[in-house]
Amino acid sequence: MSRDDAATAALARRLIDWQRQHGRHTLPWQQTRDPYRVWLSEIMLQQTQVSTVLGYYDRFLTRFPDVQALAAAPLDEVLALWAGLGYYSRARNLHRCAQAVVQDWGGAFPSTAAQLATLPGIGRSTSAAVAAFCFGERVAILDGNVKRVLSRVLGFGEDLAQTAAERRLWDIAEAQLPPAGEGVEAYTQGLMDLGATVCTPRQPSCLLCPWQDLCVARREGRPEAYPVKTRKLKRGRRSHALLWLTQGDAVFLVQKPATGVWAGLWTLPEFDDVDSLQAWLAEGPGPGEVGATFTHVLTHLDLALTPVRRALPVDSPLAQGPLLRWPTGRWVPRAALAEHGLPAPVRKLLDAGPT
DNA sequence: TTCCCGGACA
DNA sequence: TGTCCGGGAA
């Protein structure tokens, strides 16, 4: 074993020891090697914080206790349980993946990272996490936490917006793995825990870090300078008026198309602007009440949304014919709202208002 | 309020 | 390479 190999092994060993003493061990998806449970948690944790996932994971598992139950469920029901988590293509791929596991793998997840990565919604990092946690495979993850931790400790200063730099960091992540048979599970969990609880994006707690004495970023006195990422995201801006039509206890909702923003979720009918919405109302029930505009931010888009509320009398004929303009539309009583997947801002809007 | 963060896929 | 969300920190 060369000196570098020895140093690498010592680094991994220290992280493993730290994870066992100071890492997280009681998250709901940690007391199991069941690939279904681990996979579900990893998909939910993509782009999403642990504290957010905690509110969804158990509920989802109660409704879909195994991959067969999930595969057999209607997509709408999966989306309804996913509503509020964001990135709804994850829920579609989750559903497709469950069906692939049942149809192509006899209902049991494949046991290698390479095979897992062929399934919908499972990329290189997620496949590695499942394979390491469930099957002990010696394979590297590289999610946002790990990019930060590794680039800091090793002083990796290349721009991760460049594909070549990212590829090199993947190679480094593989080279840092502990030797075979030496606890890849605790090592992988340790990287996640370190990134989530110690080596945070801002104000990292370096004094709690098992690698503090050899961390390049700390020695340089600027841990927050890593990882290096140039990003020039110019956000576009779009505005809509939302028709908030109620009748008694019910609200009129339409289902979004299968692609695009909030794919497959239920929302209020959209107009290009308040004027065109009011023009439509003027032909029927009369003007609505214009609410305050609020902004919803997506990765490349600022959505400015203005709700316009109008209540219809209980037996109004307008509740039927004119609404045929929206083929997917339906009246949803308050009690049935939970069965419909609503985007977070729409859910908040409806919860805040009357009816 | 505004800023910042984070994987997979077409 | 652009497209997908929501929450938490500043």
Side-chain angles (χ1 to χ4, degrees), chain A residues 39-56 79 82-97 100 113 116-130 140-152 159-167 169-170 173 191-192 195-197 199-205 224-238 256-267 292-305 341-349 351:
Chain A
W39 161 73
L40 177 63
S41 74
E42 291 298 331
I43 302 297
M44 284 186 168
L45 289 164
Q46 288 171 2
Q47 315 296 93
T48 309
Q49 303 230 347
V50 167
S51 58
T52 304
V53 170
L54 284 175
Y56 287 81
L79 282 170
W82 198 273
L85 265 184
Y87 289 102
Y88 299 99
S89 63
R90 290 185 296 170
R92 290 176 173 276
N93 286 331
L94 190 87
H95 192 233
R96 286 207 297 138
C97 181
L116 286 163
T118 68
L119 292 165
I122 304 184
R124 183 172 177 183
S125 196
T126 300
S127 64
V130 174
I141 62 168
L142 191 66
D143 61 15
N145 275 339
V146 180
K147 286 176 184 172
R148 189 171 59 252
V149 170
L150 287 185
S151 65
R152 283 178 180 172
D159 178 7
L160 290 180
Q162 307 294 321
T163 308
E166 171 140 348
R167 200 167 51 239
L169 194 53
W170 267 110
L191 284 176
M192 295 178 172
T197 66
C199 195
T200 48
R202 285 174 302 272
Q203 300 180 29
S205 307
E224 299 188 18
Y226 299 87
V228 177
K229 291 182 273 203
T230 60
R231 50 159 183 263
K232 29 184 158 282
L233 75 161
K234 41 176 186 242
R235 230 192 288 281
R237 179 167 279 276
R238 231 162 59 196
K256 302 278 288 183
T259 57
V261 173
W262 298 332
L265 269 66
W266 292 84
T267 186
T293 299
F294 61 95
T295 301
H296 183 76
V297 181
L298 291 76
T299 309
H300 288 90
L301 191 64
D302 280 355
L303 269 180
L305 302 172
L342 271 60
V346 177
R347 166 82 55 189
K348 281 179 198 159
L349 183 69
D351 284 349

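All heavy atoms count here, side chains included; hydrogens, waters and symmetry mates do not. Throughout, a chain's letter reflects where its sequence line sits, starting with A, and its residues are numbered from 1. Here the structure is a predicted model, which is why all the values come from computation and not from measurement.
In A/Gln49, the CD atom is not crowded: 12 or fewer heavy atoms of neighbouring residues, nucleotides or ligands sit closer than 6.0 Å.
When each of A/Ala263 and A/Thr163 is assigned the nucleotide of DNA chain C bearing its nearest heavy atom, the one mapping closer to the 5' terminus is A/Thr163. Each of A/Gly260 and A/Ser51 was assigned the nucleotide of DNA chain C with the nearest heavy atom; the assignment lying further toward the 5' end belongs to A/Gly260. Remark on DNA chain B: of its neighbouring residues A/Gly121 and A/Gln49, the 5'-side contact belongs to A/Gln49, judged by nearest-heavy-atom nucleotide.
A donor-acceptor contact closer than 3.5 angstrom links the side chains of A/Asn93 and A/Arg96.
In this structure, the nucleotide among C/dG6, C/dG7, B/dA8 sitting nearest to the side chain of A/His296 is C/dG6. In this structure, the nucleotide among C/dG6, C/dA10, B/dA8 sitting nearest to the side chain of A/Gln203 is C/dA10. Of the candidates B/dC9, C/dT1, C/dC5, C/dC5 carries the atom nearest the A/Leu298 side chain, counting heavy atoms from C-beta on. Checked against B/dC9, C/dT1, C/dC5, the side chain of A/Val261 finds its nearest nucleotide in C/dC5. Closest to the side chain of A/Lys229, out of C/dC4, B/dG6, C/dG6, is B/dG6. For A/Ala344, whose side chain is taken as the heavy atoms from C-beta onward, the closest listed nucleotide among C/dC5, B/dA8, C/dG6 is C/dG6.
Contact annotation: A/Gln46 side-chain N/O to B/dA8 OP1/OP2 distance is under 4.0 Å. A/Thr126 has a side-chain polar atom (N or O) that falls below the 4.0 Å cut-off from OP1 or OP2 of B/dA8. For B/dG6, the OP1/OP2 oxygens have a side-chain nitrogen or oxygen of A/Arg148 closer than 4.0 Å. Contact between the side-chain N/O atoms of A/Trp262 and the OP1/OP2 oxygens of C/dG6 is found at a separation under 4.0 Å. Phosphate proximity of C/dC5 to A/Lys348: absent, as no side-chain N or O sits under 4.0 Å from OP1 or OP2. A close approach under 4.0 Å does occur between a side-chain nitrogen or oxygen of A/Arg202 and OP1 or OP2 of C/dA10.
As a whole-Å value, the separation of A/Arg238 CZ from C/dC4 C1' is 12 Å. Put simply, CG on A/Asp302 is 14 Å from C1' on C/dG6, counting in whole angstrom units. At whole-Å resolution of the value, CZ in A/Arg90 and P in C/dG6 are 10 Å apart. At whole-Å resolution of the value, CD in A/Glu166 and C1' in B/dA8 are 12 Å apart. A straight line from OH of A/Tyr56 to P of C/dC5 spans 13 Å, rounded to a whole angstrom. Between the CH2 atom of A/Trp82 and the P atom of C/dC4 there is a distance of 18 Å, given to the nearest Å. One atom, CE of A/Met44, and another, C1' of B/dG6, lie 17 Å apart when rounded to the nearest Å. Atom pair A/Arg167:CZ and B/dG7:P shows a separation of 20 Å (rounding to whole Å applied).
Using a 4.5 Å cut-off on side-chain heavy atoms (C-beta onward), A/Leu265 and A/Trp82 make no contact. Counting heavy atoms from C-beta on, the side chains of A/Gln162 and A/Arg167 never come closer than 4.5 Å.
No contact: A/Ile43 has no heavy atom under 4.0 Å from any strand.
In terms of modelled atom types and a separation under 3.5 Å, the side chain of A/Thr126 and the main chain of A/Ile122 share no donor-acceptor contact.
Aromatic ring centres of A/His296 and A/Trp262: separated by under 6.0 Å.
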